[in-house]
Structure formats: structure tokens, C-alpha cells
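One structure is given below, encoded as C-alpha cells.
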Amino acid sequence: MVQQVMRTHGAGSVSVDDVGNEVTVAGWVQKRRDHGGIAFLDIRDASGLVQVVADPAQHPAVDDLRMEFCVRISGEVTNRPEGTENTELPTGLVEIDAREVEVLSPAKALPFMIDDRTDVDELIRLRHRYLDLRRPRMAANLKARSRATAAIRRTLDQEGFLEVETPTLINSTPEGARDMLVPSRLRSGEFYALPQSPQLFKQLLMISGVERYFQIARCYRDEDFRADRQLEFTQLDLEGAFWDREAVFETIEKVLSSVVEELRGERVETPFVRLTWHEAMNRFGIDKPDMRFGMEIVDLTDYLGDTEFGVFKSAIESAGTVRGINAGQQDWSRARADELTEQAKGLGAKGLVWMVVNDDGTLRSPIAKFLSDNEIESIKKVMDAGPGDVLLVAADRWKTAVEVLGGLRNELGRPDNHDELAFLWVTDFPLFEEAEDGSITFSHHPFTSPVDIDEMRVRPEAAISNAYDAVLNGVELGSGSIRIHDPDVQRQVFEILGIDSETAERRFGWFLEALEYGTPPHGGFAFGIDRLVMVLQNEASIREVIPFPKTQSGVDPLTGAPTWVEAGQLSELGVGLTPEAKARQTADE
Ligand code: ASP
């Protein structure tokens with residue numbers, strides 16, 4: 001380690017071995033207590049905390065010390081008097097008897113306390129993020145992040161991967177989100193896109209002969225914010241040539257295990273569990289199932305073939321399905337039933353059927369009277385339902401029914417911490433899906449290969465892709481695929497996506513040409529580092545593990561970004577504001 005200039009010890013490293021020695025520490029005043037005319041100061045630096053005892057009569061500077069003053073203190077290390085030791089603190093057996101106290105920098109009155117107990121409004125925390133990051137939990141999150149990326153680099157270096165940086169001012173890479181654009185001054189009126197991912201560059205690197213590539217890459221997607229989404233995020237991006245899905249899985253499992261081991265000291269069981277997309281949807285109603293709990297979706301259709309209940313009957317007659325989950329013992333009330341019905345409607349259901357099993361085996365449910373004894377018995381049997389269990393049933397098209405139940409399953413069963421970890425691979429995604437406007441779009445990205453090219457040509461809507469996702473505790477960590485390496489197949493995919501050959505040449509001609517020069521079969525993966533660290537640190541939002549995040553409305557309360565710029569700057573770029581934007585600007589200024 002580089003020699004310290006301003007101090008001899010980190011605050012957290014002072015120990016009984018130093019008793020009798022003179023030491024110098026430098027850091028912040030975390031706490032101050034006064035007892036019998038003597039000041040007890042907790043001095044904190046990046047390494048931890050140490051207690052300093054100072055007599056204000058001898059050190060007048062002590063009188064002025066307030067919370068978070070930055071100080072340097074020299075003195076002799078002594079054993080704490082018997083009975084005052086703190087065994088929970090690594091330095092809790094000793095204290096420093098101050099000989100010299102120097103204020104390096106005073107601090108204004110604080111907007112919030114620097115501890116983990118205070119519940120502070122997030123806007124105020126972000127406005128003073130530099131103070132927020134002094135809080136132990138945030139400091140621990142920053143450290144965890146750094147150790148996570150160090151573990152990733154170590155593991156991939158051992159596996160022979162090359163770390164390569166790719167540009168961030170690029171042409172658009174379609175990943176399904178809106179691009180963030182940067183105007184060019186030298187070619188005014190033209191724009192760069194910020195990468196939604198380094199997808200096409202990593203594929204070019206495979207053509208370049210880099211057989212194992214990775215990058216800890218910043219990606220930008222102009223999407224709506226959520227707890228696990230920001231405009232910019234960081235992912236481990238990886239690609240390999242002459243390998244298959246199994247090799248990708250093994251590599252990613254090694255990388256993820258190394259991060260878990262580094263942050264939690266736990267071993268991860270590999271290989272991870274695998275589900276096909278169809279199985280995940282069928283059993284859990286979502287493509288990122290949380291495998292820490294059961295409550296699986298059960299198909300009731302076969303048992304209700306002759307049902308008199310109109311909702312079930314019409315669903316079955318129109319090739320739909322009736323499915324349910326046994327939500328177990330729940331606090332059940334009319335209000336709770338209404339609340340869940342509203343949620344089910346929000347997820348696309350027309351309604352929700354609920355049933356509670358009575359002690360005598362009968363059902364309490366608004367629809368009980370429409371069900372025959374046989375139907376009730378069958379439902380209870382296939383749903384493994386006993387007295388007190390709440391059963392929720394949806395009747396609809398397959399996708400809607402399972403998605404509704406999947407949403408309710410998460411709501412009712414999902415643990416609210418990440419103490420336990422459940423990794424999962426989801427494989428065999430559909431190659432295409434229906435866009436909101438009814439057109440066909442890609443499920444992963446347009447460079448993903450189909451499992452069966454002929455099937456793709458004939459029935460694109462049923463084609464399965466070589467794409468896969470990694471899921472941890474119901475959080476989608478990332479996605480990857482084996483890519484198309486044949487330019488003709490790539491052209492066909494563009495065509496199915498409704499990109500005519502002229503547009504394909506204009507937008508991706510450069511890439512299609514690159515594919516013509518001996519492209520090796522290749523594939524890869526990318527996972528979100530923010531999301532991974534969020535789960536491993538038991539946080540509920542990625543903002544807790546991003547040093548300087550934006551708010552839900554895309555604003556940085558600390559620096560004020562985004563901001564208006566000078567009119568001159570805009571004209572230099574060949575960019576103008578719409579009348580609406582101008583009106584907003586006038587109102588703002
Ligand atoms: N480019 C993809 C993404 O960012 C990952 C991949 O296919 O490797 O989601």
C-alpha cells in the first residue's frame with residue numbers, strides 16, 4: 001500500500017497492538033458525547049471508526065467540533081477503561097488520548113444525520129448525495145459494487161477473456177428501447193446515438209478474431225423509470241466465438257458465483273435450474289419467475305369441461321383456459337378480494353374468481369353455487385387445497401390467464417428481502433412477439449438466431465429463438481443469445497420484422513457487409529451489474545447501488561441535469577426548440 005502522508009493509521013485499523021504508541025488519524029467527526037468535561041469523539045474514515053478522548057481545556061479546537069467536521073488527531077493509543085469496551089466495534093477495546101487536534105475543514109449544519117437509522121426523503125438524499133454516500137449502508141454498497149466488478153474481471157481474466165472498450169457515440173443499436181441522441185457539431189443536424197448496448201460492436205469483435213470479449217459497459221435506454229431501471233446503467237457485456245449456449249451458461253455461472261462468493265461468502269449451486277420460456281409462463285405466469293416459493297399455476301380446464309358457470313364456460317369454448325393458484329392461508333376479506341380483483345384487471349383480466357376452503361371442505365366463494373360437487377372436489381384435489389386455503393382462478397386466453405395469476409403470485413408470495421438466492425436460466429424464448437400496434441417485433445434483439453430457420457420462414461410467429469435470460473429472485477439479471485452469423489439469414493429476419501431491404505441496407509448495410517467476411521459462429525450474454533448488486537446487497541431499488549442516480553423523472557437533483565443550453569450552442573448544432581419546449585424554457589427562467 002502507498003505510504004500515508006497525513007496519518008499513520010486508518011481509524012478502523014487502530015488496535016490493541018498499538019497501545020502505548022503515538023498514532024495520527026484523519027477523518028470525520030461522526031459523533032460527539034461530553035462526559036464530565038471530557039469530549040468523546042467517534043472519528044470515521046473509509047476504514048472504520050475509532051474513539052478519541054479529548055479534554056477541551058487542553059485542546060480549545062474541540063469546543064468548535066461539530067458533526068462531520070473533517071479533522072486530524074494525534075495521540076496515544078490506550079486501553080479503554082474496564083467496563084467501557086465495545087465488543088461490537090473492531091476498534092472497541094482501545095481509544096486515542098488526544099495530544100493534537102486539528103480542524104482540516106469545518107462542516108455546515110447537516111441536512112440529515114449521517115447514519116442508517118434516519119429515514120430521509122430520497123430527493124434530499126440525492127440533492128446531497130456526497131453526504132448520503134457517507135452513510136454506512138451506502139458506503140458498503142459502493143464497496144460491494146467495486147468488489148463485484150473486481151471479481152468479474154478476475155474470473156474473466158482467468159478464463160482468457162479480453163477487456164475491450166467500444167464507443168459510446170455510435171449509430172443506433174436496436175434493443176427495443178428509444179435511443180438517447182447526441183447532436184454532432186461538426187456535422188450539424190446529424191446525431192449520434194448512445195449505445196443501448198455494445199451488441200453490434202461485440203459481434204464485430206468476433207469477426208475481428210477476438211474470441212473471448214468482455215466489457216463493463218455503460219448502456220443508455222430512454223425508457224420509463226422503475227425501481228430497476230435508469231436511463232443509464234452498467235452491464236457486464238460478454239461474447240465468444242466457436243462456442244455454444246452451454247459454454248455461455250458455464251461462463252456466466254462462474255462469473256455470478258464469483259460475485260456471490262465475494263459479496264456474501266456463499267457458494268452458489270451450479271448448474272442453475274433451467275426452464276423453457278413456455279414452462280416458466282405455464283407454471284409461474286412470467287418470464288422471470290421468482291423460484292424461492294411455490295404457489296404454481298394449475299390448469300383446471302380439463303376438470304371444468306361441463307361447467308355451468310358462464311365465465312368459465314365461455315373461456316373454454318373460445319379456446320381459452322381456466323387456471324388457478326393456491327395462495328395458501330391468507331388474511332382474507334371482502335376488501336382484500338376487491339383489491340386483488342382490481343390488480344388482476346390491471347394485469348388484463350376481465351375479473352377474478354376467489355374461493356376459500358371451509359373447514360368442512362365446502363367452498364366459500366361468490367361462484368360456489370355454480371359448481372357441482374364433482375367440480376369442487378376436482379378443483380380442491382388438483383390445487384392441493386386444504387381448509388383455510390385461498391384459491392384464485394382466472395379464465396381467459398392462455399397468455400392473459402397465466403400472466404394475471406403470475407402477477408398475483410408475486411404479490412402474494414414474494415419474500416420482501418433477498419436473504420435467499422434462487423438463480424435460474426429461462427431458455428427457448430419466442431423469436432418474435434406482437435408489438436402494441438399489432439405488428440411483429442423481435443423478442444430479444446434482431447441479431448438473435450432462430451432454432452430452426454425453415455420454421456422461421458414458414459411460421460415466424462411460432463419460431464423459437466436461441467435466446468436465454470438469467471433470473472435471480474424474480475429479477476431479470478440479463479439476456480443473451482447465439483447470434484445469426486449468416487448475412488442471408490440476417491436479411492430474412494429484417495424482412496420478417498418489416499424492414500425492407502433498402503432500409504436494411506441503409507441502416508445496417510455496414511454490419512451486413514461485415515458478416516460477409518468469414519464470420520465465426522458466436523454468441524454471448526449481458527447482465528446488469530446494478531441489478532445484481534441490488535439483490536446481493538438486499539436493496540429494493542438500483543438507485544441504492546448507483547453512486548449518482550437520477551430520480552424517477554430523469555432529473556439529477558444534485559447537479560440539476562438536464563438543463564437548458566444557450567441558444568448559440570443549439571444553432572451551432574443545427575438544433576432548434578419546438579414552441580412547446582420554448583414555452584417551458586421561458587416559464588422555467
Ligand atoms: N445486447 C443484449 C442486451 O443488452 C445482450 C446480449 O444479447 O448479449 O440485452
Side-chain angles (χ1 to χ4, degrees), residues 152 156 161-168 170-180 193-207 210-223 226 228-241 243-253 255-256 277 287-288 425-433 441-451 464-472 475-485 490 493 508 511 519-532 542:
I152 291 171
L156 289 174
F161 280 75
L162 213 63
E163 182 168 2
V164 185
E165 286 178 75
T166 55
T168 51
I170 65 168
N171 203 340
S172 174
T173 33
E175 291 273 4
R178 206 175 278 125
D179 281 324
M180 310 267 307
L194 296 177
Q196 292 188 35
S197 86
Q199 185 60 36
L200 291 179
F201 284 98
K202 66 176 170 176
Q203 292 193 238
L204 292 181
L205 287 171
M206 295 304 106
I207 302 171
V210 174
E211 292 183 17
R212 295 285 180 273
Y213 144 93
F214 85 96
Q215 178 176 200
I216 297 199
R218 195 66 71 82
C219 303
Y220 304 84
R221 297 184 190 178
D222 193 355
E223 297 179 298
R226 286 197 214 140
D228 61 359
R229 274 199 191 153
Q230 285 266 305
L231 293 178
E232 52 183 312
F233 61 94
T234 309
Q235 68 183 21
L236 166 69
D237 194 51
L238 171 153
E239 195 79 6
W243 68 352
D244 60 5
R245 185 179 89 174
E246 296 307 314
V248 178
F249 283 9
E250 210 182 307
T251 306
I252 293 294
E253 286 176 1
V255 173
L256 289 170
W277 174 84
D287 59 4
K288 46 178 179 177
W425 289 114
V426 180
T427 64
D428 299 77
F429 279 80
L431 186 60
F432 302 111
E433 60 190 38
T441 182
F442 49 83
S443 306
H444 182 38
H445 53 54
F447 313 102
T448 299
S449 62
V451 168
I464 304 292
S465 73
N466 282 313
Y468 32 80
D469 275 7
V471 178
L472 169 58
V475 174
E476 182 197 320
L477 283 186
S479 311
S481 58
I482 300 300
R483 325 297 182 188
I484 297 165
H485 68 278
Q490 187 63 70
V493 168
F508 302 112
F511 182 67
T519 301
H522 60 285
F525 199 77
F527 67 74
I529 292 177
D530 313 290
R531 288 184 185 178
L532 176 64
I542 56 170

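Both counts, for ligands and for their atoms, begin at 1 and track the order of listing.
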Atom of Tyr213, atom of Val210 and distance for their closest heavy-atom approach: CB-CG1, 4.0 Å

Ligand-residue contact atoms, ligand 1 with Ser197, heavy atoms, under 4.0 Å: 1 (N), 4 (O)

Protein heavy-atom partner closest to atom 4 (O) of ligand 1 - residue, atom, separation in Å: Arg221 NH2, 2.9 Å

Distance-minimising heavy-atom pair for Phe233 and Gln196: CZ-O, 4.3 Å

Close N or O approach (Arg483, ligand 1; < 3.5 Å): yes

Listed partners of Trp425 passing side chain to side chain donor-acceptor pair (under 3.5 Å), at least two apart: Glu253

Gln215-Thr166 side chain donor-acceptor pair, cut-off 3.5 Å: yes

Taking atom 2 (C) of ligand 1 as the reference point, the nearest protein heavy atom with its distance: Glu175 OE2, 3.4 Å

Contacting atoms of ligand 1, where contact means under 4.0 angstrom from a heavy atom of Lys202: 6 (C), 8 (O)

Distance-only N or O hit between ligand 1 and Ser481, under 3.5 Å: no

Test item, Gln235 contacting ligand 1 (heavy atom, 4.0 angstrom): yes

Atoms in ligand 1 flagged as close to Gln199, the criterion being non-hydrogen separation under 4.0 Å: 1 (N), 2 (C), 5 (C), 6 (C), 7 (O), 8 (O)

Trace of the side chain to side chain contact (heavy atoms under 4.5 Å, CB included) decision for His445 with Ser479: CA-CA 10 Å; His445 53 54; Ser479 311; over 6 Å; no

From CA spacing to verdict: side chain to side chain contact (heavy atoms under 4.5 Å, CB included), Val475, Leu532: CA-CA 9 Å; Val475 174; Leu532 176 64; over 6 Å; no

N/O separation below 3.5 Å, Asp237 to ligand 1: no

Sidechain-backbone polar pair: Thr234 side chain, Ile529 backbone, donor-acceptor under 3.5 Å: no

Closest protein heavy atom to atom 5 (C) of ligand 1, given as residue, atom name and distance to 0.1 Å: Ser479 O, 3.3 Å

Glu239-ligand 1 polar pair, N/O distance under 3.5 Å: no

Any donor-acceptor N/O pair, Trp243 side chain to Val248 backbone, under 3.5 Å: no

Test side-chain contact (heavy atoms from CB on, under 4.5 Å) applied to Pro195 and Thr168, Asp237, Leu200, Asn171, the passing residue: Thr168

Where ligand 1 meets Gly480 - atom numbers and elements under 4.0 angstrom, heavy-atom basis: 6 (C), 7 (O)

Under 4.0 Å to a heavy atom of Phe525 - the qualifying atoms of ligand 1, by number: 8 (O)

